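Quantities reported herein were computed from a predicted structural model and do not represent experimental measurements.
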Amino acid sequence: MSNEVTAPEAAAGPAGDELCLNTLRFLAVDAVERAASGHPGMPMGDAAMAYTLWTRFLRFSPGDPRWPDRDRFVLSAGHGSMLLYGLLHLSGFDITLDDLRSFRQWGSPTPGHPEYDPDRGIEMTTGPLGQGFATGVGMAMAARYLGDRYNRPGYTLFDYNVYAVTSDGDLMEGVSSEAASLAGHLALGNVVYLYSDNRITIEGPTDLTFTEDVAARFRAMKWHVQQVDGDDIEAVSAAIEAARAEKSRPSLIMARTHIGFGSPAKQDTAGAHGAPLGPDEARAAKRSLGWPEESDFYVPDEARRVFEAAARRGSSLAADWRALFERYRRDFPGEAAELEALMAGRLPGAWEDRLPAFKPSDGPMATRSASGRCLNAMAGEAPFLVGGSADLGPSNNTFLKGFESFAPGASGRNIHFGVREHAMGAVMNGMALDGLIVPYGGTFLVFSDYMRPAIRLACLMKTHVVYVFTHDSIGLGEDGPTHQPVEHLAALRAVPGMTVIRPADAEETKEAWRTALRDVKGPVALVLTRQKVPLIDRTRYAGAEGVRRGAYVLADCAAEPELIIIATGSEVHIAIEACEALADEGVRVRLVNMASRELFERQDPAYRESVLPRNVRRRLAVEAASSFGWGEYVGLDGAAISIDRFGASAPAPTLFEKFGFTAENIKTQALRLLGKS
């Protein structure tokens, strides 16, 4: 198989083309009018280039929407969602006319911005500008990696292209520049982006803020750039053909378009962007383009036939791929079994058996170092693990030894993202969306701020990605408050769908990786130390497998506790010392290691009660981060030893002492809670 496509069975011709374009335009206009909100201008202006792509080039199959070698289409300018919904409806995906009529309504599959729904043909959640552009780069990287790993002579399983419609706003966002730089460096010839150069933003013409030479910028980033009239179907078609023929550079097609095309009063104005045209102007637009003025969600049969022909072509290609895979299974059973497991949502290989066992003789070890050992131990049995770091590989311990780098012309498993944290997060989403790769990406915890929009989308889409966030506290030391995270744990925990795991030692780091890969099917943040921490003696304390349940009783007293100390990460071993000192003074104390609040909250009520019984109201949380969120666990009768200011520049032991993270201070605060100080 190859990426070649043939012309649709029902070639429209000039009159038929206009019929199809106006169908797309006015489905969008009607939906926005009915919803009394939305963005009609972009679908009206971009209909020609989207129609050309969908009916002449894009490989898709409504009957087999997850066909692994389909082309990916990303509407990066997600505010124009009705353009996508119209394309999907006309092409035969599970988007009905009634769904279009319920645009932006409760429970509708046609929300205001596209939300990831691959069974309906929506490849990713878009709307935050720049995210689709950057995530598409990750999709293209996945195509290269999967093709190099699984394709064999005569068996081209993966060679899909990634297409996107992008806007001025997309190109202004910083993440698109990060991703474009990376894509150009990596020579991703399977990226074809159509830039809707309509020269209008919400506040007015783009020359208010955006006067750079976009073509020169992208050429400087090693992109293949073309400039066309976006309303000229044949010119757009020729540009896409040329872009597809360019195998060593990503392509940007700068299409001069007109927002609100056909609207007599609003074309080429900001007024067409984010509000309905209004009943009178909607009728005027229909009149100007020869569309029935009183029509409502009108779809001519001739237009539907053109899109259905494109869908039939794609369905035939999908069937060919399935037949090819059956032959591949016979000739390459090992590779086929690996792929089938991944497509079924299972991680193949004996990677769990390769996880190292850490023992006291290993001595104190930073959890970032333990993480690196886990990654390298698993790598040979975990072909799905692909990742790297935002130029911090030696610090994050994310490099897979013995494996090649992902580079121009190569698709090794070590990705050098460069100092591009935001693009790294988006690329990880793109690589993960089909479930055939579990990408990981490392940086310092403090720089999770740079990634936050991509992290949020990961949670919305439930992509299985692993963030390796190291240098997790004031334990960073002398680099000081600019690099010492304080509020970041609370910020990550606040994102719905995020699983944060902060292991206390090397053994817990191993269990954190096991849990991140085996038990969680969404985004996971591993939060790891720079400084060395002791290995907990598991002959005296509970086993590290308790991490899988989020929180567990690490040490307990013989009778009902009068105090519970809750600690995380590097503070656990300090809390152990404090608990031993308190026990020596006759205090009945329980130590709970809360490595992951999210995993703990997923446990059944009986387990949660067994760990944190409600009748024990004296509780002390210990974490070298913001106290925000700990009130839920310590209550009005409890307290937290935490950091509610920025850190300082000094050696880590000095900082822990000055900020009160010592066994003596934990003991003092515990006794105060009990009224025994």
Q.
Quick one, Arg368 and Asn396 - any side-chain contact, counting heavy atoms below 4.5 Å?
A. no
(Q) Within the 4.5 Å heavy-atom criterion, are Cys459 and Pro523 side-chain neighbours or not? (A) yes
**Q.** Heavy-atom check, side chain of Leu554 versus side chain of Val592, under 4.5 Å
**A.** no
Q) For the atom pair OH (Tyr467) and CD1 (Ile455), what is the distance rounded to the nearest 0.5 Å? A) 5.0 Å
Q) Would you say Leu492 and Phe469 make side-chain contact, with heavy atoms under 4.5 Å? A) yes
(Q) side chain to side chain contact (heavy atoms under 4.5 Å, CB included), that's the test. Do Ile576 and Cys579 meet it? Break it down for me. (A) CA-CA 5 Å; Ile576 289 174; Cys579 286; 5.8 Å; no
Q: Tell me, with the steps shown, if Thr135 and Asn429 meet side chain to side chain donor-acceptor pair (under 3.5 Å).
A: CA-CA 6 Å; Thr135 303; Asn429 285 337; 4.9 Å; no
Q) Any idea which heavy atoms bring Gly647 and Arg645 closest together, and the distance? A) O-NH2, 3.3 Å
**Q.** Donor-acceptor under 3.5 Å (Arg70 side chain, Arg66 main chain)
**A.** yes
Q. Ignoring hydrogens and geometry, is there a side-chain-to-backbone donor-acceptor pair from Tyr145 to Phe384 under 3.5 Å?
A. no
Q | Residue pair His422 / Glu173, side-chain donor-acceptor N/O under 3.5 Å | A | no
Q: Mind checking the CH2-CG spacing from Trp630 to Leu620? Nearest 0.5 Å is all I need.
A: 10.5 Å
Q | Shortest non-hydrogen contact between Pro109 and Ile95, atoms and distance | A | O-CD1, 4.1 Å
Q: Locate the shortest heavy-atom distance separating Ala379 from Phe403; write the atom from each residue and the value.
A: CB-CE1, 3.6 Å
(Q) Could you measure the distance from the CG atom of Asp505 to the NE2 atom of His573? Nearest 0.5 Å is fine. (A) 10.5 Å
Q.
Given 3.5 Å as the limit, does a donor-acceptor pair link the side chain of Asn414 with the main chain of Ser405, or not?
A. no
Q. Who are the salt bridge (charged side-chain N to carboxylate O under 4.0 Å, His left out) partners of Arg493, not counting sequence neighbours?
A. Glu623
Q.
Please report whether the ring centroid of Phe661 lies less than 6.0 Å from that of Phe659.
A. no
**Q.** No-hydrogen, no-angle side-chain donor-acceptor test under 3.5 Å, Arg548 and Thr515
**A.** no
Q. Can you tell me how far CG of Leu355 sits from CG of Leu517, rounded to the nearest 0.5 angstrom?
A. 8.0 Å
Q. Given Arg502, which of Thr367, Thr509, Thr568, Asn593 fulfils the side chain to side chain donor-acceptor pair (under 3.5 Å) condition?
A. Thr568
Q: Establish, for the pair Arg549 and Tyr607, whether the NZ or CZ atom is under 6.0 angstrom from the six-membered ring centre and no further than 45 degrees off its axis.
A: yes
Q) Going from OG1 on Thr110 to CZ on Arg120, what distance comes out if it is rounded to the nearest 0.5 angstrom? A) 9.0 Å
Q. Do any N or O atoms from the side chain of Asn376 and from the backbone of Gly372 form a donor-acceptor pair under 3.5 angstrom?
A. yes
Q.
Run Phe358 and Cys374 through side chain to side chain contact (heavy atoms under 4.5 Å, CB included) and show every step you take.
A. CA-CA 10 Å; Phe358 298 97; Cys374 290; 4.1 Å; yes
Q. Are Met139 and Leu433 side-chain neighbours, meaning at least one heavy-atom pair lies under 4.5 Å?
A. yes
Q) Judged by modelled atom types alone, do Ser108 and Ser102 share a side-chain donor-acceptor pair under 3.5 Å? A) yes
Q: Measure from the side-chain N and O atoms of Arg149 to the backbone N and O of Leu146, and report whether any donor-acceptor pair falls under 3.5 Å.
A: no
Donor-acceptor pairs are to be reported for all side-chain atoms of residues 440-450 against protein atoms at under 3.5 Å, with residues two or more places apart or in another chain.
unit_1	atom_1	unit_2	atom_2	d
Tyr440	OH	Thr398	O	2.9
Ser448	OG	Leu445	O	2.8
Asp449	OD2	His488	NE2	2.9

Q: Can you see which heavy atom on Ala142 is nearest to which on Met431, and at what distance?
A: CB-CA, 4.0 Å
(Q) With heavy-atom distances below 4.5 Å as the criterion, would you say the side chains of His483 and His471 are in contact? (A) no
Q: Go through the side-chain N and O atoms of Ser627 and Asp644 and say whether any donor and acceptor fall under 3.5 Å apart.
A: yes
**Q.** Residues Asn397 and Ser371: side-chain donor-acceptor under 3.5 angstrom
**A.** no
Q: Would you check if the side chain of Arg608 reaches a backbone N or O of Gln603 as a donor-acceptor pair within less than 3.5 Å?
A: yes
Q: Give a yes or no on whether Lys521 atom NZ has more than 12 heavy-atom contacts from other residues, nucleotides or ligands under 6.0 Å away.
A: yes
(Q) Using a strict threshold of under 4.0 Å (side-chain N to carboxylate O), is an ion pair present between Arg346 and Glu340? (A) no
Q. Looking at residues at least two apart in the chain, or sitting in another chain, which of them share a side-chain hydrogen bond (donor to acceptor under 3.5 Å, both in side chains) with Glu598?
A. Ser596
Q.
Nearest 0.5 angstrom please: Met343 CE to Glu338 CD, how far?
A. 11.0 Å
Q.
Taking CZ in Arg617 as the centre, count heavy atoms belonging to other residues, nucleotides or ligands within less than 6.0 Å. Is the count above 12?
A. no
Q.
Minimum heavy-atom separation for Leu612 and Tyr633, please, with both atom names.
A. CD1-CD2, 4.0 Å
Q | Closest approach of Ala382 to Arg413 (non-hydrogen atoms, all atoms of both residues) | A | O-NH2, 2.5 Å
Q. Is there a donor in the side chain of Ser181 and an acceptor in the side chain of Arg420, or the other way round, less than 3.5 Å apart?
A. yes
(Q) Using modelled atom types and a 3.5 Å cut-off, is there a donor and acceptor pairing between side-chain atoms of Glu381 and backbone atoms of Trp351? (A) no
Q.
Walk me through whether Arg514 and Glu352 qualify under salt bridge (charged side-chain N to carboxylate O under 4.0 Å, His left out).
A. CA-CA 7 Å; Arg514 189 196 310 273; Glu352 279 193 80; 3.0 Å; yes
Q. What residues form a ring pair (Phe, Tyr, Trp, His ring centres under 6.0 Å) with Tyr193, not counting sequence neighbours?
A. Phe133, Trp223
(Q) Check whether Gln669 reaches the backbone of Ile641 with its side chain - one donor and one acceptor, N or O, closer than 3.5 Å. (A) no
Q: With the side chain counted from C-beta on, respond yes when Glu601 and Glu632 share a heavy-atom pair under 4.5 Å apart, and no when they do not.
A: yes
Q: Give a yes/no verdict on a cation-pi contact between Arg373 and Trp513, requiring under 6.0 Å between NZ or CZ and the six-membered ring centre and an angle within 45° of the axis.
A: no
Q. In chain order, what residues pass the ring pair (Phe, Tyr, Trp, His ring centres under 6.0 Å) check against Phe103, with sequence neighbours excluded?
A. none
Q: Would you check if the side chain of Glu571 reaches a backbone N or O of Ala624 as a donor-acceptor pair within less than 3.5 Å?
A: yes
Q) Is the side chain of Ser649 donor-acceptor paired with the backbone N or O of Glu478 at a distance under 3.5 Å, no angle test? A) yes
Q | Ring-face cation contact, Tyr160 with Arg72, 6.0 Å cut, 45° max | A | yes
(Q) Taking ring pair (Phe, Tyr, Trp, His ring centres under 6.0 Å) as the definition, give me every residue that meets it alongside Phe600, ordered by chain and number, with sequence neighbours left out. (A) none
Q. Would you call Val495 and Arg452 a side-chain contact if the rule is heavy atoms closer than 4.5 Å?
A. yes
Q. Is it the case that Ser167 and Asp170 place a side-chain donor and acceptor less than 3.5 Å from each other?
A. yes
